[in-house]
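Written out below as structure tokens is the structure these notes cover.
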Amino acid sequence: MSIDADGRKYTSPDGSKTWEYLAILTCSIMSGCIGFVVGWNSPSIVILMSEDSPIPVTASSVSTLVAVVAVGHMLAPPINIFIVDKFGRKNTLLFSALPLLVSWSLITIATSIWYLILSVYTTLETDTLITFPIPNDTQTN
């Protein structure tokens with residue numbers, strides 16, 4: 001992006017803002033997905049523990065589902081170091097939407113608590129895939 005000296009408007013070097021808006025939309029959606037991953041457990045536990053739950057669960061299995069969030073945030077960064085080194089930052093960010101799509105689809109059609117546990121871990125793995133490759137601009141050379 002550059003600044004036009006006369007009109008003080010931001011424009012891309014090619015003159016089209018379509019790709020910039022598309023990048024902003026993609027980042028916004030991915031940021032929303034991170035919030036959904038972190039906040040998904042609270043309202044879902046109430047539904048899962050109710051009498052007319054679509055998936056039969058016990059208190060122990062629900063506590064395992066909640067614990068997967070902490071375990072996933074602990075195990076994901078070491079795994080993602082290798083993914084980012086192997087594929088690069090750009091490709092990692094571009095393809096991080098695929099496991100997120102698969103895991104949310106699995107949550108939608110889950111028939112067992114184990115599918116939910118697997119899909120929650122996958123969403124947490126992808127959560128760190130989204131945030132891990134972003135460079136830290138606060139470091140000085």
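Every heavy atom of this structure was used, including side-chain atoms; hydrogens, water molecules and symmetry mates were not.
Taking 4.5 Å as the limit, some side-chain heavy atom of Leu48 sits within range of a side-chain heavy atom of Leu116.
Taking the side-chain contact (heavy atoms from CB on, under 4.5 Å) definition, one finds that Ser50 meets it with Asp52, Ser53, sequence neighbours left out. With sequence neighbours left out, the side-chain hydrogen bond (donor to acceptor under 3.5 Å, both in side chains) criterion links Ser61 to Thr58. With sequence neighbours left out, the side-chain hydrogen bond (donor to acceptor under 3.5 Å, both in side chains) criterion links Thr128 to Asn80. For Val84, the side-chain contact (heavy atoms from CB on, under 4.5 Å) partners are Arg89, Thr92, Phe132, Pro133, not counting sequence neighbours.
Linking Ile, Leu, Val, Met, Phe, Trp and Tyr residues whenever their side-chain heavy atoms come within less than 4.5 Å leaves Leu101 and Leu106 in two separate clusters. One hydrophobic cluster, built from ILVMFWY side chains closer than 4.5 Å, cannot hold both Val57 and Tyr115; they sit in different ones. At a threshold of 4.5 Å between side-chain heavy atoms, the hydrophobic network of Ile, Leu, Val, Met, Phe, Trp and Tyr places Trp114 and Val69 in one connected group.
Within the structure, no pair that satisfies the side chain to side chain donor-acceptor pair (under 3.5 Å) test touches residues 102-112, not counting sequence neighbours.
Between Leu129 and the choices Ile83, Ile79, Leu100, the side-chain contact (heavy atoms from CB on, under 4.5 Å) rule is met once, by Ile83.
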Without placing hydrogens or testing angles, list every side-chain donor-acceptor pair under 3.5 Å for residues 37-45, not counting sequence neighbours.
| residue | atom | partner | partner atom | Å |
| --- | --- | --- | --- | --- |
| Trp40 | NE1 | Ser44 | OG | 3.4 |
| Ser44 | OG | Trp40 | O | 2.9 |

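Without hydrogens or angle criteria, Asn91 side chain to Phe87 main chain gives a donor-acceptor distance under 3.5 Å.
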Run the side-chain contact (heavy atoms from CB on, under 4.5 Å) test on Leu75 and Glu125 for me, step by step, so that the C-alpha distance in whole Å, both residues' side-chain angles and the decisive distance to 0.1 Å come before the verdict.
CA-CA 8 Å; Leu75 294 178; Glu125 183 74 35; 5.8 Å; no
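Hydrophobic cluster membership of Val46, counting Ile, Leu, Val, Met, Phe, Trp and Tyr whose side-chain heavy atoms lie under 4.5 Å apart directly or via other members: none, as it forms a cluster of its own.
To the nearest 0.5 Å, atom CG of residue Leu65 and atom CD1 of residue Ile113 are 4.5 Å apart.
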